[in-house]
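Reminder, nothing fancy here: chain letters follow the sequence lines and each chain counts from 1. Values below: all heavy atoms of this structure, side chains included; hydrogens, waters and symmetry mates excluded. A quick note: this is a predicted structure, and the numbers were derived from the prediction, not measured.
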Amino acid sequence: MKLNGAQILIDCLKNEGVKHIFGYPGGAVLHIYDALDACTAIDHILVRHEQGAVHAADGYARTSGKCGVALVTSGPGLTNAVTGIATAFTDSIPMVIISGQVSSAVIGNDAFQEVDAVGITRSCVKHNFLVKSADDVAQTVKKAFYIATTGRPGPVLIDITKDATIAKIEYEGYPETISMRSYQPEIQVDEEQVAKAIAIIETAKKPIIYSGGGSVIGNASKALITLTQNTGFPITQTLMGLGAYPATDKQSLGMLGMHGTYESNMAMHDSDCIIAVGARFDDRITGNLEKFCPYAKIIHIDIDPSSVGKVVGVDVSIIGQVNDVLQVLIKGLETKKLPNIDTWWKQINDWRLVDSMAYKTKQGVIKPQTVIETLYEVTGGNAIVTSDVGQHQMWAAQYYPFDKPRRWINSGGLGTMGFGLPAAMGAKIAKPELDVACVTGDGSIQMMLQELSTMLQYDTPVKIINLNNGYLGMVRQWQEFFYDKRYSMSYMDALPDFVKLAESYGHIGIKVEKEADLKPALIEAFKQKNRTVFLDILIDPSENVFPMIPAGAGHHEMLLAGRDDMASTNDEGLNLV
Amino acid sequence: MRHIISLQLENESGALSRVAGLFSARGFNIESLTVAPTNDETLSRMTIVSIGDDDIVEQIVKQLNKLIDVVKVTDLTATEHIERELSLIKIAINNESQSRIETQFDQFDAKIIDVSEEVYTVELAGKSQKINDFINAFNTDEILEVSRTGVTGVCQK
Ligand SMILES: Cc1cc2nc3c(=O)[nH]c(=O)nc-3n(C[C@H](O)[C@H](O)[C@H](O)COP(=O)(O)OP(=O)(O)OC[C@H]3O[C@@H](n4cnc5c(N)ncnc54)[C@H](O)[C@@H]3O)c2cc1C
Ligand SMILES: Cc1ncc(C[n+]2csc(CCOP(=O)(O)OP(=O)(O)O)c2C)c(N)n1
């Protein structure tokens, strides 16, 4: 069958099982759009900004576990997409991005809308390809999906020249299998390493499971629950891991790290055996490395050897898919006598009494923590919650206990403001049956606001929870603590009327100024099953995120709410951002 | 410590820049880098000399292994290996210095490959240290130009 490169591309995507593409057209991809028009198996969502396309594909991938797909034109289309690509890359999200490129004959001539897409994206993709011939389209698409979805997942860019989309060739169909000598993601679990890990676990007195994004990405929730419950060990989860183990279970200590719970961080600090599961010892977790987990033997389970030993030295590493490794570990532990850790639990329960998530309510102001707790109540804990970046992100993570994986969707590694709204749209498209809430701030929401228009066009009802404090709150918090309250450029003057704004986009806007109105407004919003509702909630502008490990401090040096005297750091600490 | 890392990678456009980009993005240092196709023309061999402590070199090797185009990574310094470097060096001569300089050539086994009135161009191959020693055997104003390939190497077994 003779087809042009664009038609082949679309056929390949169809055969790959792609159902949704998020994109934006332009000259270099017009042939692709033409071929897409003739394809009924794939729905295309026309976003309003390419960054939105990539974040939406990302939100779609994070909620569904499938590979997200975005399509953008050359030049500015590609450069607009870069922030989205980097966001997906840092959080290991499977995604294929297709970008148009000028014709191969003019590459390098500074042609109209030419940028070196492969060069620009090299350091923020798992891999990228430049396709200059229709003959290479099918193989490349196959490879791209294979690479994006296997091993440690990540975004893969296919940059395809205009002439490659136009040329007609004999098409032999989408390849069924692929093998690459230079890329072999299947890893056999090394049983010897597991045995070494078991030896450490058997003698542990203060063990803790520290689980991360890998448990979500690797769909290992079930195995993680089995391991935790069989061992009776406490478990703490990173921002990216939330939900893999149910937060409401008694063995869960909550999130750890900079804004984690007191009990999680103290338990990490005092532990003698840390089982790290798909987590990468990020600096938000470790704080000051010299003070990090001084007594612990560390067992590190990860698919990516380069995650191991990168930040902290470990005693035993087990490379492989979380799920595979946990199965072997669970089996190995079945015949072993596990340590009695009653004393450890007693200690942990004492730490819990500190009640580090407590906050003071104040007459006449709405506390952001209350908003999230009410959101939890109104949605029965069952919503998909996306967030932007800032204080609101932390409050959402802290006060909405996630019991299932792929319900908490946020940009952790890159911390991209603007992620929340398009990601919510992608999430709603992936899981139309679930409620989707986007927790955002007055700063972040304005970074991708234009997607409200897409959400109307494609009917993706989302509830936007704008924790409006009139500040770039997270920046203001750092300035309050570490820059002697010099609030340089962290105040949001001239905010729009968000209610009118939502209405002008064809959505419902509700302003909430009094705590008494909060719950009724949330109930009303979620009653509107088929409408996007923008809740502009005026919260206490001076509220800070607690607990907090100040930059440069150790886990046992947390700042707790109402104890501002401890808010200090030094230049060395501030180097850590 | 100095490490010689040998890679086999797909002989594809862009593969070199992926490796070079990795080093600059992660702040790894490159002392030298050589690359050329092998007997299998779909494969290139790249040899990188880098200086770093063991942790850094471990990360370098792991990160290189992660590159999709990389087929194999070997830290040659961890095994028995042979390393060689080729250099072309231009040396100024005059009547007075000629015999001294030629003696040096003999001692180092340097081959004169071009001669003009006041300049000899020699070819010298060997371990990097030998080339350093050779260069140091002359006065600085006698060395007009140095072009070195950087190290290439193979495992002995
Ligand atoms: C304002 C702000 C504040 C933050 N504060 C905190 C905080 O207080 N606490 C916190 O935890 N985070 C915080 N973060 C997030 C932080 O920056 C990191 O993104 C996060 O800690 C990384 O989580 P992770 O270690 O689970 O790694 P991820 O980025 O999720 O990485 C996953 C790891 O698992 C591995 N992996 C992936 N798939 C598999 C698989 N199938 N099998 C095996 N291994 C696999 C990967 O190789 C990788 O090593 C904050 C972010 C922002 C923006
Ligand atoms: C694109 C981008 N630019 C800048 C930052 C730095 N930054 C982190 S949090 C923050 C403030 C966010 O303000 P807002 O969205 O209003 O949320 P709040 O902290 O007030 O809840 C800023 C500017 C970022 N994370 N992303």
Side-chain angles (χ1 to χ4, degrees), chain A residues 86 89-90 92 104 107-108 116-133 136 139-140 143-144 146-148 150-159 178-185 187 280 289 300 302-314 317 319, chain B residues 1 3 5-30 33 35-48 50 52-75 77-78:
Chain A
F89 180 67
T90 13
S92 309
S104 56
I107 283 188
D116 173 11
V118 164
I120 286 176
T121 59
R122 191 184 302 119
S123 59
C124 63
V125 291
K126 184 170 173 188
H127 196 59
N128 56 21
F129 296 94
L130 171 60
V131 176
K132 293 199 275 190
S133 156
D136 296 334
Q139 274 290 329
T140 307
K143 279 187 192 169
Y146 176 57
I147 294 169
T150 52
R152 179 177 183 171
V156 176
L157 176 88
I158 306 175
D159 195 38
I178 186 94
S179 91
M180 295 169 70
R181 65 177 166 187
S182 63
Y183 177 68
Q184 271 139 17
I187 296 174
R280 59 185 171 83
L289 280 172
H300 193 177
D302 205 292
I303 188 86
D304 179 357
S306 78
S307 282
V308 175
K310 181 172 63 182
V311 182
V312 298
V314 303
S317 66
I319 302 299
Chain B
M1 202 184 125
H3 286 258
I5 297 161
S6 172
L7 323 179
Q8 280 172 285
L9 66 169
E10 298 290 349
N11 186 4
E12 274 174 23
S13 74
L16 170 62
S17 49
R18 286 182 212 283
V19 175
L22 177 93
F23 274 74
S24 63
R26 294 197 178 262
F28 301 145
N29 112 345
I30 300 188
L33 184 158
V35 60
T38 61
N39 53 334
D40 173 351
E41 64 188 32
T42 65
L43 275 183
S44 293
R45 159 91 58 187
M46 187 181 288
T47 312
I48 300 170
S50 182
D53 56 32
D54 290 351
D55 289 354
I56 293 184
V57 174
E58 180 186 327
Q59 265 301 310
I60 292 178
V61 170
K62 285 174 169 178
Q63 294 291 348
L64 286 170
N65 264 315
K66 247 170 97 168
L67 293 177
I68 306 291
D69 286 336
V70 170
V71 181
K72 192 159 181 246
V73 184
T74 322
D75 181 355
T77 4

### Task
Could you please state which residues from residues 10-19 of chain B sit under 4.5 angstrom from chain A, measuring non-hydrogen atom to non-hydrogen atom, sorted by number, or 'none'?
B/E10, B/S17, B/R18

Engaged part of [X] at the chain A interface, taking heavy atoms whose separation is under 4.5 Å:
| X | result |
| --- | --- |
| B/E58 | side chain |
| B/T42 | both |
| B/D69 | both |

#### Entry: Test item: B/K66 side-chain N/O and A/D304 main-chain N/O as donor-acceptor pair under 3.5 Å
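The answer is no, because no donor-acceptor pair under 3.5 Å joins these two groups.
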
### Results of ring-ring contact (aromatic ring centres under 6.0 Å, His included) for A/F89 - residues two or more places apart only
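Partners of A/F89 under the ring-ring contact (aromatic ring centres under 6.0 Å, His included) test: none.
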
### Non-neighbouring partners of A/H127 that pass ring-ring contact (aromatic ring centres under 6.0 Å, His included), sequence neighbours left out
A/F129

### Summary
Within residues 178-185 of chain A, contacts to chain B at heavy-atom distances under 4.5 Å involve A/M180, A/R181, A/S182, A/Y183

### Message
Ignoring hydrogens, what is the shortest heavy-atom contact between B/Q59 and A/S306? Give both atom names and the distance.
### Response
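Closest approach of B/Q59 to A/S306: NE2-O, 2.8 Å.
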
### Contact leader toward chain A among B/K72, B/Q8, B/Q63, where contacts are heavy-atom pairs under 4.5 Å
B/Q63

